[in-house]
Amino acid sequence: KQEVTQIPAALSVPEGENLVLNCSFTDSAIYNLQWFRQDPGKGLTSLLLIQSSQREQTSGRLNASLDKSSGRSTLYIAASQPGDSATYLCAVRVSGGSNYKLTFGKGTLLTVNP
Amino acid sequence: DVKVTQSSRYLVKRTGEKVFLECVQDMDHENMFWYRQDPGLGLRLIYFSYDVKMKEKGDIPEGYSVSREKKERFSLILESASTNQTSMYLCASRDRGDRVSNQPQHFGDGTRLSIL
């Protein structure tokens, strides 16, 4: 059974700092990995999707990497801003069996202080 | 941009009531999903629909049913609401695409449901 872990559970940084969020998964047989952002009381916003054949994806100040063999992904946020404060979730889509579903981590709560 | 719209942001119902949560997407996506999100438990899949009138149970289907009569609309039904169904409910959709593995899921803003 696929399990997804995100460390740390919470992170507080000063504005302008570069930071890395971590995601690990137990089964490397995946189609893709997706990073989401969730603001308090809201739904999820898709940030980046990395296919299993890719090593990284970039969007603006965000860069996500994927090391499928070791079961790890990182989300790098450059020059953090208070508006980046949110919960960040990663989710993997397995390639066998129930391959329609995403398995989510519990998220990292990021606070960027002005 | 993909738009997934959930009919209510907040809903308060009583124990034993039949509750309908509605979700509409505007991108002609084949796949639609219902999740619930609870503190400490994360997101859990309730039901999935891969096309009109087609559905599959997710991880926690007990106490719920779904309806997909039209491609753009996916309804979650609480047959007899109970207090342990108080939660945030999230709907999502995804394009099946020509390479099924590579389409992102898009989420609505969620419905915070309280059962009293």
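First the proteins, then the strands, lettered A, B, ... as listed; each starts at 1.
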Same apolar cluster: B:Val19 and B:Ile60, side chain cutoff 4.5 Å = yes

Point-to-point distance, once rounded to the nearest 0.5 Å, from CD of B:Gln105 to OG of A:Ser46 = 9.5 Å

Mark yes when over 12 heavy atoms from residues, nucleotides or ligands other than A:Arg61 sit less than 6.0 Å from its CZ; otherwise mark no.
-> yes

For the atom pair CG (B:Leu43) and CG (A:Leu102), what is the distance rounded to the nearest 0.5 Å?
-> 9.5 Å

Would you give the length of the straight line joining atom CG of B:Asp59 to atom NZ of A:Lys101, rounded to the nearest 0.5 angstrom?
-> 3.0 Å

Same apolar cluster: A:Val92 and A:Tyr88, side chain cutoff 4.5 Å | yes

Inter-residue atom distance A:Gln38.CD - B:Asp109.CG, 0.5 Å rounding = 10.0 Å

Relative to chain A, which segment of B:Tyr50 carries a heavy atom at a distance below 4.5 Å: side chain, backbone, both, or neither?
-> neither

Are B:Val4 and B:Met27 connected, step by step, through hydrophobic side chains (Ile, Leu, Val, Met, Phe, Trp, Tyr) whose heavy atoms are closer than 4.5 Å?
-> yes

Engaged part of A:Leu89 at the chain B interface, taking heavy atoms whose separation is under 4.5 Å = side chain

Check the hydrophobic clustering (I, L, V, M, F, W, Y; side-chain heavy atoms under 4.5 Å; chains of links allowed) and say if A:Leu47 and A:Ile30 are grouped together.
-> yes

Atom pair CD/OG1 of B:Gln37 and A:Thr87 - distance to nearest 0.5 Å = 8.5 Å

State, yes or no, whether a side-chain contact exists between B:Arg9 and A:Lys42 at a heavy-atom distance under 4.5 Å.
-> yes

Backbone N or O of B:Pro104 within a donor-acceptor pair of the A:Arg93 side chain at under 3.5 Å?
-> no

For chain B, the option from A:Ala9, A:Gly41, A:Gly107 that forms the most heavy-atom pairs under 4.5 Å | A:Gly41

Under 4.5 Å between side-chain heavy atoms, hopping through other hydrophobics if needed: is there a path connecting B:Met88 to B:Leu11?
-> no

Of the backbone (N, CA, C, O) and the side chain (C-beta and beyond), which part of B:Arg44 lies under 4.5 Å from a heavy atom of chain A, both, or neither?
-> neither

